[in-house]
K.L.:
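Starting off with a structure, shown below.
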Amino acid sequence: MDQLILRPSGPLSGEVPISGAKNSVLKLLAATALADGTYAIHNVPRIADVEWMSELLISMGADVAWSGEQSLTVTWDRDCIPEAPYEVVERMRASIVVLGPLLTRFGRAKVALPGGDDFGPRPIDMHLRALEKMGASFETVHGYVEARCERLRGSRITLEFPSVGATENVLMAAVLAEGTTVIENAAREPEIADLASFLNRMGAKVLGAGSPTIEIQGVDALSPVDHRVIPDRIEAATYLAAVGAAGGEVVLVGARADHMEMLIHKLGQMGMRISPDSAGLWAMASGRLKAVDVATLPYPGLATDYKPFLVTLLALGEGTGIVTENLFTGRFRYIDELIRMGADIRIEGHHAVVRGKEMLSGAPVKAHDIRAGAALAVAALRAEGETVISDSSHIDRGYERFFEKMRGIGVKVDRK
Ligand code: EPU
């Protein structure tokens, strides 16, 4: 089944449960390599990326199994093979975050170099420079980075850009390093704070995660823990966008407003009403939303991952909005698909000028990545006729039960 077929829907209503954050759980799974024993990770989404990360851990020597609907048990009790093969890294670039934990724990790691993807090159120079400063040496052979070190040394690391992956790799490396590491210009995403709280419960000494300066005092050993993953703010944003496009009133059960302040503010400017309630987040929209300008920035700015949804809402809004992408220069490809659905969007460098229309027009389109695919599904809610999204398996990489959840709030969707 690799096609979603959608028809105009709305107003939407009901409740949609928000799953655990993909971009948190993938890093927590990598962090389990830091100590032997058994971990229980709860609120884990059943998505392809989690299966792939589990496969990677298994190939390195761990036992990984589902225990109950949303919990994963990870056990390390055999020798670890500190290697991430190309087949895995190529499918899922997030696997590069095993580098830090493997290197600091075992003194060596071999990780395939990630290639580019649909939204541009994905270099890891900042990860490598920081780990080098901590005492690691790297060699690139046959498409692999081979890393070695004696015990890593705590250092002062200033990141050129608050990269999520580089912050996570350095953080995980620093927890077992000798002495104190300070990461300046660290990424501040809620997923980083979640990783730090996981590490602290394992016995690490991390201060300041969630702020631009993180201080890590290295310890000699860590031990496994139980942990509940934070809710997925990007998944929540997707359902907010569905309400924004189709209208209606929906409760996002488990979503956290404090992780999504800038987005909630923007959607409020556009005319949506969103507020925290006891179950999570309540959202309401009626009529066309108003155009605003949008620029993506590292957290707490507007996430680049929200952009496909904001572009879609602007394509259906009243007026013209300018969208500026500051993180991934190539992350505009889905716009060609929106244009095929009748959207009026012009791309100028890393800006998109979006002129809103009352309705789009259903068309066959293709999901190029997780968020692009989900955004096309949102666009289809206000597109006359039928929209057929092919390669919809991209959506399943990052969304748990997307089809069922969309149906649950009244979206007319089938799959083939
Ligand atoms: N960059 C470098 N050198 C580096 C590292 C990053 O030049 O060594 C550049 C990147 O090319 C990019 C920018 O810095 O232009 C930001 O990259 P970052 O390292 O922050 O992103 P990431 O860790 O690769 C994570 C998420 C992405 C999300 C970005 C930005 C995961 C698994 N992925 O990627 O999420 O878009 O942060 O917030 O956490 C998704 O969920 O679909 C997704 C792509």
Side-chain angles (χ1 to χ4, degrees), residues 21-24 26-27 49 92-97 114-130 157-171 183-193 195 210-212 214 232-238 241 259-267 292-314 321-338 345 347-354 367-375 394 397-398:
K22 166 179 88 74
N23 289 349
S24 185
L26 295 177
K27 321 308 167 60
D49 273 16
M92 187 185 51
R93 276 155 199 84
S95 43
I96 191 70
V97 293
D117 63 18
D118 267 344
F119 42 95
R122 300 285 288 269
I124 54 163
D125 53 313
M126 281 187 251
H127 305 228
L128 302 189
R129 254 198 317 275
I157 310 284
T158 303
L159 295 177
E160 207 175 298
F161 177 90
S163 152
V164 173
T167 303
E168 290 164 337
N169 251 331
V170 176
L171 173 58
I183 313 176
E184 298 282 10
N185 200 21
R188 297 156 68 178
E189 272 71 0
E191 294 76 22
I192 306 263
L195 173 62
S211 82
I214 305 180
D232 196 313
R233 63 200 164 94
I234 319 289
E235 187 198 23
T238 310
H259 289 172
M260 313 172 64
E261 277 174 5
M262 196 58 80
L263 179 73
I264 292 173
H265 171 71
K266 260 302 159 196
L267 294 175
V292 290
D293 292 338
V294 168
T296 63
L297 281 173
Y299 192 86
L302 269 178
T304 175
D305 311 82
Y306 298 147
K307 196 189 56 187
F309 308 115
L310 290 164
V311 168
T312 302
L313 291 179
L314 290 172
I322 296 172
V323 180
T324 304
E325 171 61 58
N326 290 314
L327 274 86
F328 293 109
T329 44
R331 206 169 190 178
F332 272 132
R333 238 183 113 180
Y334 60 93
I335 287 182
D336 293 333
E337 305 295 310
L338 284 175
I345 307 174
I347 301 171
E348 300 272 358
H350 64 127
H351 306 285
V353 181
V354 189
H368 288 292
D369 71 57
I370 305 174
R371 311 299 168 197
H394 273 298
R397 283 189 52 184

K.L.:
Counting C-beta onward and ignoring hydrogens, is there a side-chain heavy-atom pair between Leu327 and Lys307 closer than 4.5 Å?
P.N.:
no
K.L.:
Measure the spacing between CG of Leu26 and CD1 of Ile96 and express it to the nearest 0.5 Å.
P.N.:
13.5 Å
K.L.:
Evaluate the side-chain proximity of Tyr306 to Met260: yes if any heavy-atom separation is below 4.5 Å, no if none is.
P.N.:
yes
K.L.:
Does any part of the side chain of Pro300, heavy atoms only, come nearer than 4.5 Å to the side chain of Arg188, both counted from C-beta?
P.N.:
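Touching, per the 4.5 Å side-chain cut-off.
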K.L.:
Which heavy-atom pair separates Asn185 from Leu159 by the least distance, and what is that distance?
P.N.:
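Heavy atoms only, the tightest pair is ND2-O, 2.9 Å.
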K.L.:
Hey, mind stepping through Glu191 and Lys22 against salt bridge (Lys or Arg N to Asp or Glu O under 4.0 Å) and telling me if it holds?
P.N.:
CA-CA 9 Å; Glu191 294 76 22; Lys22 166 179 88 74; over 6 Å; no
K.L.:
Do you know which two heavy atoms are closest between Met126 and Ala166, and how far apart they sit?
P.N.:
CB-CB, 4.1 Å
K.L.:
With a 4.5 Å limit on heavy-atom distance, are the side chains of Tyr299 and Pro162 in contact?
P.N.:
no
K.L.:
State, yes or no, whether a side-chain contact exists between Phe309 and Leu263 at a heavy-atom distance under 4.5 Å.
P.N.:
no
K.L.:
Restricting to non-hydrogen atoms, name the atom on Asp369 and the atom on Ala372 that form the minimum distance, rounded to 0.1 Å.
P.N.:
OD1-N, 3.0 Å
K.L.:
Determine the minimum heavy-atom distance between Gly301 and Met262, stating which atoms define it.
P.N.:
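Minimum heavy-atom contact is C-CG, 4.2 Å.
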K.L.:
Which value, rounded to the nearest 0.5 Å, describes the distance between Asp232 atom CG and Thr238 atom OG1?
P.N.:
7.5 Å
K.L.:
Given Thr312, which partner from the list Leu338, Val354, Ile335 fulfils the side-chain contact (heavy atoms from CB on, under 4.5 Å) test?
P.N.:
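Among Leu338, Val354, Ile335, the one meeting side-chain contact (heavy atoms from CB on, under 4.5 Å) with Thr312 is Leu338.
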K.L.:
Side chains of Lys27 and Val164: closer than 4.5 Å at any heavy-atom pair?
P.N.:
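With C-beta onward as the side chain, the pair touches.
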K.L.:
Between the side chain of His350 and the main-chain N/O of Glu325, is any donor-acceptor distance below 3.5 Å?
P.N.:
yes
K.L.:
Begin from the C-alpha positions of Leu302 and Val294 and carry the test side-chain contact (heavy atoms from CB on, under 4.5 Å) through to its verdict.
P.N.:
CA-CA 8 Å; Leu302 269 178; Val294 168; 3.7 Å; yes
K.L.:
Do Leu195 and Thr167 have side chains that approach each other closer than 4.5 Å (heavy atoms only, starting at C-beta)?
P.N.:
no
K.L.:
Rounded to the nearest 0.5 Å, what's the gap from OG1 on Thr296 to CG on Asn326? Could you check?
P.N.:
4.5 Å
K.L.:
To the nearest 0.5 Å, tell me how far Arg371 CZ sits from Arg397 CZ.
P.N.:
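Output value for this atom pair is 9.5 Å.
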K.L.:
Where do Val170 and Ala130 come nearest, in terms of heavy atoms and distance?
P.N.:
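For Val170 versus Ala130, the nearest heavy atoms are CG2-CB, 3.4 Å.
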K.L.:
Quick one: pull up CG in Asn23 and CD in Glu189 and give me the separation to the nearest 0.5 Å.
P.N.:
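Nearest 0.5 Å value for the CG-CD distance: 9.0 Å.
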K.L.:
Between atom CG of Leu310 and atom CG of Asp293, what is the distance when rounded to the nearest 0.5 Å?
P.N.:
11.5 Å
K.L.:
Heavy atoms only: give me the nearest Asn169-Val97 pair and the separation to one decimal.
P.N.:
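Heavy atoms only, the tightest pair is OD1-O, 3.3 Å.
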K.L.:
Side chains of Ile192 and Ile214: does their closest heavy-atom pair fall under 4.5 Å?
P.N.:
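Contact flag for Ile192/Ile214 side chains = yes.
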